[in-house]
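Report on the structure given below.
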Amino acid sequence: MVGKSQAALKDQLETLTEAGVVARYTYEPSKGTRDLPSQFYGFTERGVEILYEYKYLRGLPIARALYENTRKTEKITRHEAAPRPELPAAVVEALTFEEPDLGEDTTSGSRQ
């Protein structure tokens with residue numbers, strides 16, 4: 001989806017892992033299943049602190065909305081639905097936000 005080779009992505013993930021920004025998380029039950037991933041990359045607490053420091057978390061709702069509206073291949077959709085390991089609580093908390101009420105008209109203050 002990002003237009004880079006798998007090798008380039010792996011190199012970037014290794015660099016971010018060495019810097020402590022992301023970590024590789026393993027979901028053990030998927031290890032023996034060929035069609036589902038068992039290795040995932042996710043932010044560490046330090047990674048979230050960096051996102052917060054540079055105010056990148058403010059863009060999270062927009063980034064999520066763009067991703068949700070992106071056409072995905074069948075393989076990507078299958079991998080999105082794969083069971084995942086739990087992230088550290090501080091990471092989950094930092095990446096959680098309230099979804100906006102799309103039925104609310106913010107220009108006039110009334111509901112549609």
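Computed from a prediction, not measured in an experiment: that's the story for all the values here. Residue numbers run from 1 in the order of the sequence given.
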Original post:
Can you tell me how far CG of Leu95 sits from CZ of Arg64, rounded to the nearest 0.5 angstrom?
Top reply: 6.5 Å
Original post:
Should the heavy atoms of other residues, nucleotides or ligands under 6.0 Å from CG of Leu66 be counted, would the total exceed 12?
Top reply: yes
**OP:** Kindly compute the distance separating CD (Gln6) from CG (Leu13), expressed to the nearest 0.5 Å.
**Re:** 10.5 Å
Original post:
Can you name the closest pair of heavy atoms from Pro88 and Tyr25 and give their distance?
Top reply: CD-OH, 3.5 Å
**OP:** Of all the heavy-atom pairs spanning Pro83 and Phe40, show the shortest one and how long it is.
**Re:** O-CZ, 3.5 Å
Original post:
Would the number of heavy atoms belonging to other residues, nucleotides or ligands and lying under 6.0 Å from CZ of Arg58 be above 12?
Top reply: no
Original post:
Given side chains that start at C-beta, do those of Gln12 and Leu9 come closer than 4.5 Å, heavy atoms only?
Top reply: yes
Original post:
Quick one: side chain to side chain contact (heavy atoms under 4.5 Å, CB included) partners of Leu16, sequence neighbours excluded?
Top reply: Val21, Val22
**OP:** Any pair with a residue in residues 79-93 that passes side chain to side chain donor-acceptor pair (under 3.5 Å), sequence neighbours left out, goes on the list, sorted by first then second residue, please.
**Re:** Tyr67-Glu80
Original post:
Is the closest side-chain heavy-atom distance between Leu87 and Phe43 below 4.5 Å?
Top reply: no
**OP:** Ignoring hydrogens and angles, tell me if any N or O in the side chain of Thr44 forms a donor-acceptor pair with the backbone of Gly20 under 3.5 Å.
**Re:** yes
Original post:
Under the side chain to side chain donor-acceptor pair (under 3.5 Å) rule, what pairs show up with a residue in residues 46-55, not counting sequence neighbours?
Top reply: none
Subject >> Closest heavy-atom pair and its distance - Leu57, Ala94 >> reply: CD1-O, 4.1 Å
